Amino acid sequence: MPNWGGGAKCGACEKMVYHAEEIQCNGRSFHKPCFICMTCRKALDSTTVAAHESEIYCKSCYGKKYGPKGYGYGQGAGALSSDPPGRPHATVTPQISFSQKFGSSDRCPRCSKAVYAAEKVMGAGKPWHRTCFRCAICGKSLDSTTVTEKEGELYCKVCYAKHFGPKGFGLGNEAMLD
């Protein structure tokens, strides 16, 4: 098929990208709606994009996927590896169906209803409705900078620290005197 409009193929949908709508990253062209994080599907721009080979991510998802792991890097003790050093980690790549990719079969852990792409917020590795993305204790609305997760449940940083953080004198809690 001839290239009459004069444009490159989109790195995401592989359709023609015309110059007026083109966004370039790592030598590849994208439509503006296709220039989204491969993990959380947030819209990207030149200040929020992080590329890895042919994949594009927001900086947060890039850090989670390719950044350092272990205690002290925001992953918690659950990310520490018990594998012996020098032995490669086994990775399993799940097969994603059409319905999963476009959000029609995702279920919100809070209300158990279907979560569609337009209303999806990712947290604790699960899709949530924007209105259900709240602290389990105080009900405060959360975003990517205020959310903390424990055992699949979402908490604001204040409630998480109060209920799961260190306890005792000098740590913001009342001292217990006998």
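Quantities reported herein were computed from a predicted structural model and do not represent experimental measurements.
- Distance alone, capped at 3.5 Å, is enough to place a donor-acceptor pair between the E149 side chain and the E151 backbone.
- No side-chain heavy atom of S60 sits less than 4.5 Å from a side-chain heavy atom of K42.
- Between T148 atom OG1 and L154 atom CG the span is 9.0 Å, to the nearest 0.5 Å.
- Smallest separation of non-hydrogen atoms from Y57 and M38: CE2-CB, 4.0 Å.
- Atoms CD and SG, on E21 and C34 in that order, are 9.0 Å from each other to the nearest 0.5 Å.
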side-chain contact (heavy atoms from CB on, under 4.5 Å) between C132 and K113, intermediate numbers included: CA-CA 10 Å; C132 294; K113 294 182 181 174; over 6 Å; no

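- Put simply, V49 and F30 are part of the same group of oily side chains (I, L, V, M, F, W, Y) that touch within less than 4.5 Å, one to the next.
- Closest approach of C156 and K140 over heavy atoms only: CB-CD, 4.4 Å.
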Evaluation steps, side-chain contact (heavy atoms from CB on, under 4.5 Å), between C58 and C40: CA-CA 8 Å; C58 66; C40 70; 3.8 Å; yes

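- For the atom pair F35 CZ and S29 OG, the distance stands at 10.5 Å (nearest 0.5 Å).
- Using cut-offs of 30° and 60° on the angle between ring planes, the pair H52 and Y62 is tilted.
- Taking every heavy atom of both residues into account, E55 and R28 meet most closely at N-NH1, 4.1 Å.
- Rounded to the nearest 0.5 Å, atoms CD (E119) and CH2 (W128) are 14.0 Å apart.
- Minimum heavy-atom separation, I36 to L44: C-CD1, 3.5 Å.
- The closest donor-acceptor contact from the side chain of H31 to the backbone of Y18 lies at 3.5 Å or more, if one exists at all.
- Taking CD of E22 as the start and SG of C10 as the end, the distance is 10.0 Å to the nearest 0.5 Å.
- Counting only N and O atoms by type, the side chains of E153 and Y155 include no donor and acceptor under 3.5 Å apart.
- Nearest heavy atoms, T48 versus A43: OG1-O, 4.3 Å.
- In this structure, the separation between NE2 on H129 and CZ on R107 is 9.0 Å, given to the nearest 0.5 Å.
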Full working for side-chain contact (heavy atoms from CB on, under 4.5 Å) between H163 and I137: CA-CA 9 Å; H163 292 273; I137 296 171; 3.2 Å; yes

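- Nearest heavy-atom pair, R134 versus L142, reported as atom, atom and distance to 0.1 Å: C-CD1, 3.5 Å.
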